[in-house]
Amino acid sequence: MKKVILDMDPGIDDALALLLALRSPEIQVLGITTVAGNAPVEMTSANARRVLEYFEMTNIPVATGAAKPLNHPLVDALNYHGPDGLGQCGLPPPRLPLHPAKAWDFLAQLISDSQANIILVATGPLTNIAHAFQRYPELPKFLAKLVLMGGAYDLTPFGKGNQTPFAEFNIWQDPEAAYIVFSCGADISAVGLDMSMDPTTCLNSQHLEQIKTSHTPTAHLTAKLVEYAIKRHGRCELHDPLALATLLDASLFDFISVPVEVITGDGWDRGITRILPLEKRDKLPLIQVATAVDGPRFLKLFLSRILEE
Ligand code: BDR
Ligand code: CA
């Protein structure tokens with residue numbers, strides 16, 4: 001069983017990634033850290049706990065983190081995810097208290113006490129992780145792996161931006177944090193919009209009908225989350241579940257090992273993730289970037305986990 005910590009900003013697709021993790025026997029969720037991104041951090045922290053309580057998995061701690069990116073004000077995505085950040089899914093407010101530690105201290109404690117066997121899965125802006133690496137510079141060495149949803153790499157026809165024509169939301173939101181994380185030297189795998197904007201990885205209204213035929217609690221919540229996205233946007237993109245799926249079946253993806261430069265600041269090019277030629281990498285470490293995905297097989301895996309009794 002892989003031991004994972006989820007750093008997330010739920011968010012419809014973050015919640016779907018959490019459902020997928022909770023329903024996957026290959027994965028043990030040790031804890032969740034929450035960050036501002038799709039919604040303010042109070043809301044993302046509430047949403048993680050709303051989902052855990054729905055499944056009565058209240059033994060999983062939730063530690064709250066950064067309320068804003070390192071150098072920029074927060075620009076949320078509530079217009080996409082709904083006023084509650086979870087597609088008005090009707091879950092009650094949480095009762096579970098937050099863990100007393102801040103996200104970066106929580107991450108540092110769990111990761112440095114481990115035998116380098118913890119995988120961190122980041123599906124929001126990388127602010128908490130950058131804070132953790134700044135406060136605890138040795139931490140990247142103790143990570144087994146960091147899997148992240150972020151970036152647009154121009155590796156497929158879908159690898160353009162979604163926040164700007166050139167930049168993906170998580171990286172654009174906090175490019176300074178992404179720069180710190182991409183340079184940290186840990187074993188990093190990045191799944192970008194190249195994979196998650198590919199229509200073969202998205203749920204459509206036929207999939208929604210299929211989900212609605214099942215009456216399990218997981219299917220019920222999934223249907224609510226997916227329906228909100230499909231009604232407004234015509235499909236439900238599975239950005240964050242795709243990142244998690246790299247841990248469930250690595251054979252779904254192809255990766256290349258490349259240096260990636262993140263453009264920081266606040267210009268038109270903010271948040272661009274640019275693959276550099278090896279000779280221009282300077283001191284940048286190599287990271288694994290997903291170049292291809294078997295969309296139908298990914299959706300089959302996702303649906304089987306969600307629909308299984
Ligand atoms: C990413 O941005 C967020 O809106 C989603 O949750 C996902 O993590 C996609 O660009
Ligand atoms: Ca997210």
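Just so it is clear, the structure is predicted and the values come from calculations on it, not from any experiment. For ligands, and for the atoms within them, numbers begin at 1 and follow the listed sequence.
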Asker: Quick test: of every protein heavy atom, which one is nearest to atom 4 (O) of ligand 1, and how far off is it to 0.1 Å?
Answerer: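 Answer, as residue, atom name and distance: N38 OD1, 2.6 Å.
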
Asker: Quick one, F55 and L221 - any side-chain contact, counting heavy atoms below 4.5 Å?
Answerer: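 Yes. Closest side-chain heavy atoms under 4.5 Å.
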
Asker: Which atoms of ligand 1 have any heavy atom of E168 under 4.0 Å away?
Answerer: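 Within the 4.0 Å cut-off of E168, ligand 1 contributes 1 (C), 2 (O), 9 (C), 10 (O).
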
Asker: Using 3.0 Å as the cut-off, note every protein N, O or S atom close to the Ca ion (ligand 2).
Answerer: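 Counting only protein N, O or S atoms under 3.0 Å from the Ca ion (ligand 2), the list reads D9 OD1, D14 OD1, D14 OD2, T123 O, D240 OD2.
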
Asker: In ligand 1, which numbered atoms sit nearer than 4.0 Å to a non-hydrogen atom of H81?
Answerer: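 In order of numbering, the contacting atoms are 4 (O).
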
Asker: Show me the pairs that pass salt bridge (charged side-chain N to carboxylate O under 4.0 Å, His left out) and involve residues 171-196, at least two apart or across chains.
Answerer: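 As it turns out, the salt bridge (charged side-chain N to carboxylate O under 4.0 Å, His left out) pairs with a partner in residues 171-196, which skip direct neighbours, are K145-D187.
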
Asker: Between ligand 1 and D14, is the shortest N or O to N or O distance under 3.5 Å?
Answerer: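 Yes, D14 has an N/O under 3.5 Å of an N/O on ligand 1.
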
Asker: Is it true that, when you exclude Q109 itself, more than 12 heavy atoms of the residues, nucleotides or ligands shown sit nearer than 6.0 Å to its CD?
Answerer: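 Check fails, neighbour count at 12 or below.
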
Asker: Suppose we measure from atom 8 (O) of ligand 1 to each protein heavy atom; which comes out shortest, and what is that distance?
Answerer: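 Its nearest protein heavy-atom neighbour is D240 OD1, 2.6 Å.
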
Asker: Is the closest side-chain heavy-atom distance between D14 and N47 below 4.5 Å?
Answerer: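 No, every pair of side-chain atoms sits at 4.5 Å or beyond.
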
Asker: Check this for me: Y80, atom OH, are more than 12 non-hydrogen atoms of other residues, nucleotides or ligands nearer than 6.0 Å?
Answerer: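 More than 12 heavy atoms, drawn from other residues, nucleotides or ligands, come within 6.0 Å of this atom.
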
Asker: Could you tell me whether R274 and D269 have a side-chain N and a carboxylate O separated by less than 4.0 Å?
Answerer: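 Looking at D269 together with R274, the answer is no, because their closest N to O distance does not fall below 4.0 Å.
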
Asker: Does R232 qualify as a cation-pi partner of Y228, given the criterion of NZ or CZ under 6.0 Å from the six-membered ring centre and within 45 degrees of its axis?
Answerer: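 R232 over Y228 ring: yes.
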
Asker: Is the shortest heavy-atom distance from the side chain of N162 to the side chain of W172 under 4.5 Å?
Answerer: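 No, their side chains stay 4.5 Å or more apart.
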
Asker: Under 4.5 Å between any side-chain heavy atoms of Q173 and H72, yes or no?
Answerer: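 Sidechains of H72 and Q173: no contact.
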
Asker: Within ligand 1, which atoms have a heavy atom of F169 less than 4.0 Å away?
Answerer: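 Reading through ligand 1 atom by atom, the close ones are 2 (O), 3 (C), 4 (O), 10 (O).
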
Asker: Out of D9, V191, L238, D13, whose heavy atom is nearest to atom 5 (C) of ligand 1?
Answerer: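 It is D13 that holds the nearest heavy atom.
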
Asker: Let me see the working for H81 and L86 under side-chain contact (heavy atoms from CB on, under 4.5 Å), right down to the final yes or no.
Answerer: CA-CA 6 Å; H81 295 268; L86 284 188; over 6 Å; no

Asker: Can you name the atoms of ligand 1, numbered from 1 with element, that are less than 4.0 Å from a heavy atom of N162?
Answerer: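 Once the distances to N162 are compared, the set is 9 (C), 10 (O).
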
